[in-house]
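Inspection log for the structure reproduced underneath, given as structure tokens.
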Amino acid sequence: MEYLTLNNGVKMPLLGLGTFLADGDTGQKAVITALDIGYRHIDTAAEYGNEKQVGQAIADSSVARDEIFLVTKLWNEDMRNGTFTTAFEESLNRLGVDYIDMYLLHWPAGDYVAAWQVLEKIYKSGKTRAIGVCNFQPHHIEDLRKVWSVVPVVNQIELHPELTQEPLRNFCNKLGIAVTAYSPLGGPKQAGRMMDNPLFSDIAQKYNKTAAQIVLRWGLDIGVAVIPKSANPARIAQNIDIFDFKLGKEDIAAIDALNIDRRVGYDPDNFNF
Ligand code: A2P
């Protein structure tokens, strides 16, 4: 596993297991498999409805808690209702842990500036080792910047070869904010379609890897962390097997050129949940 040092010195594994849509028993099994084969970064959210199962998998695993980078997120409704602290405590309870590694604002919803100030307090209390945001555009980050005493460590955003997010990555990098790519394979429903592009199979052949491994490696090679979701043991294993090669410049450029700014998820400037 390779790690990225965040702006507060905490080290984040560059590859994590995404668990959106891996709920109930499926989610629990996926996390157990992932930890068994070397994943050390697990991404969940209050909204995914699987914190209990993720926590149980961590408790049952032989991997020590302090080797696991556990991420969860504050949901929009709590941001709108102002129930920030209660929501955090409820996440801790469901996960059955006494600290989180990284706590994120899930979307720029409600009074996200007030929410950020509460996250700063939680961070300073030591109950989370890092705080960050998801789905923030530059103008949302600028709003936080007016008041922040803690710079977000991460902005977790939709990012894949059809949405390379170069301007937003550059903006974040200048402020010392790392980027984590969600839907790095093109999202839950689109994964097949995007990865069917023959460019990936051509490049895959060259490196003796699969199309998915090429897409994930491209993410690492452009400097972001990736959290592919899979509930399938073979694919969970495949997705971590990306640390023994790097793509050449020409292959990175060819994948970069697939960008069409196409989202599979919601637009952070236009969502209704
Ligand atoms: P599954 O859970 O059945 O493996 P993303 O992380 O971009 O949201 O992509 C997740 C989607 O991609 C899921 O549908 C997942 O299905 C599928 N997926 C995950 N890993 C791979 C892989 N290595 N090859 C093909 N599809 C994959």
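Nothing here was measured: the structure is a model prediction, and the numbers come from that model. Whatever order the structure lists ligands and atoms in, that order sets their numbers, starting from 1. Note: hydrogens, waters and symmetry copies are ignored here, and every other heavy atom, side chains too, is used.
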Kindly identify the option in His160, Lys229, Met194 whose heavy atom sits closest to atom 6 (O) of ligand 1.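 It is Lys229 whose heavy atom sits nearest to atom 6 (O) of ligand 1.
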Minimum distance, heavy atoms only, to atom 4 (O) of ligand 1: which one of Ala211, Ser183, Ala181, Ser230 is it?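 Going through Ala211, Ser183, Ala181, Ser230 one by one, Ser230 has the nearest heavy atom to atom 4 (O) of ligand 1.
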Does ligand 1 have an atom that lies less than 4.0 angstrom from a heavy atom of Gly186?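 The answer is yes: ligand 1 sits under 4.0 Å from a heavy atom of Gly186.
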Met195: heavy atom below 4.0 Å from ligand 1, yes or no?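 So Met195 counts as touching ligand 1.
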Check: Val226 and Pro228 side chains under 4.5 Å, non-hydrogen atoms: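 Contact flag for Pro228/Val226 side chains = yes.
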If I compare all heavy atoms of Ser125 with all of Ile122, which pair ends up nearest, and what's the gap?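 Shortest heavy-atom separation between Ser125 and Ile122 comes out as OG-O, 2.5 Å.
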So, is [X] polar-close to ligand 1, with some N/O to N/O distance under 3.5 Å?
X: Ala212; result: no
X: Ile227; result: no
X: Asn232; result: no

Does only the side chain of Ile236 get under 4.0 Å from ligand 1, or the backbone, or both, or neither? Count heavy atoms.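 Neither; no heavy atom under 4.0 Å.
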Given that the side chain starts at C-beta and the backbone is N, CA, C, O, which of these parts of Gln238 lies under 4.0 Å from ligand 1, counting heavy atoms, or is it both or neither?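 Looking at Gln238 and ligand 1, just side chain atoms fall under 4.0 Å.
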Considering only residues two or more places apart or on different chains, which pairs with a residue in residues 171-185 satisfy side-chain hydrogen bond (donor to acceptor under 3.5 Å, both in side chains)?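 Qualifying pairs, neighbours excluded: Asn135-Tyr182.
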Salt bridge (charged side-chain N to carboxylate O under 4.0 Å, His left out) between Glu90 and Lys52, worked out: CA-CA 10 Å; Glu90 284 170 358; Lys52 208 165 181 257; over 6 Å; no
Give the atoms of ligand 1, by number and element, whose distance to some non-hydrogen atom of Pro184 is under 4.0 Å.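 Per the distance check, 6 (O), 7 (O).
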Taking only heavy atoms of Pro228, which atoms of ligand 1 are found under 4.0 Å from at least one of them?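 Close to Pro228: 6 (O).
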Assess whether atom CD of Glu77 is packed by more than 12 heavy atoms of other residues, nucleotides or ligands within 6.0 Å.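 Open: at most 12 neighbouring heavy atoms sit under 6.0 Å from CD of Glu77.
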Take Glu162 and Arg263 through the salt bridge (charged side-chain N to carboxylate O under 4.0 Å, His left out) test and state the conclusion after the steps. CA-CA 8 Å; Glu162 293 184 347; Arg263 290 182 187 280; over 6 Å; no
Enumerate donor-acceptor pairs with a distance under 3.5 Å from any side-chain N or O in residues 10-27 to protein atoms, sequence neighbours excluded.
residue, atom, partner, partner atom, Å
Thr19, OG1, Asp43, O, 2.8
Thr19, OG1, Asn50, ND2, 3.2
Asp25, OD2, Lys29, NZ, 3.0

Intermediate values then yes/no, salt bridge (charged side-chain N to carboxylate O under 4.0 Å, His left out), Arg262 and Glu158: CA-CA 10 Å; Arg262 190 179 70 90; Glu158 181 185 337; over 6 Å; no
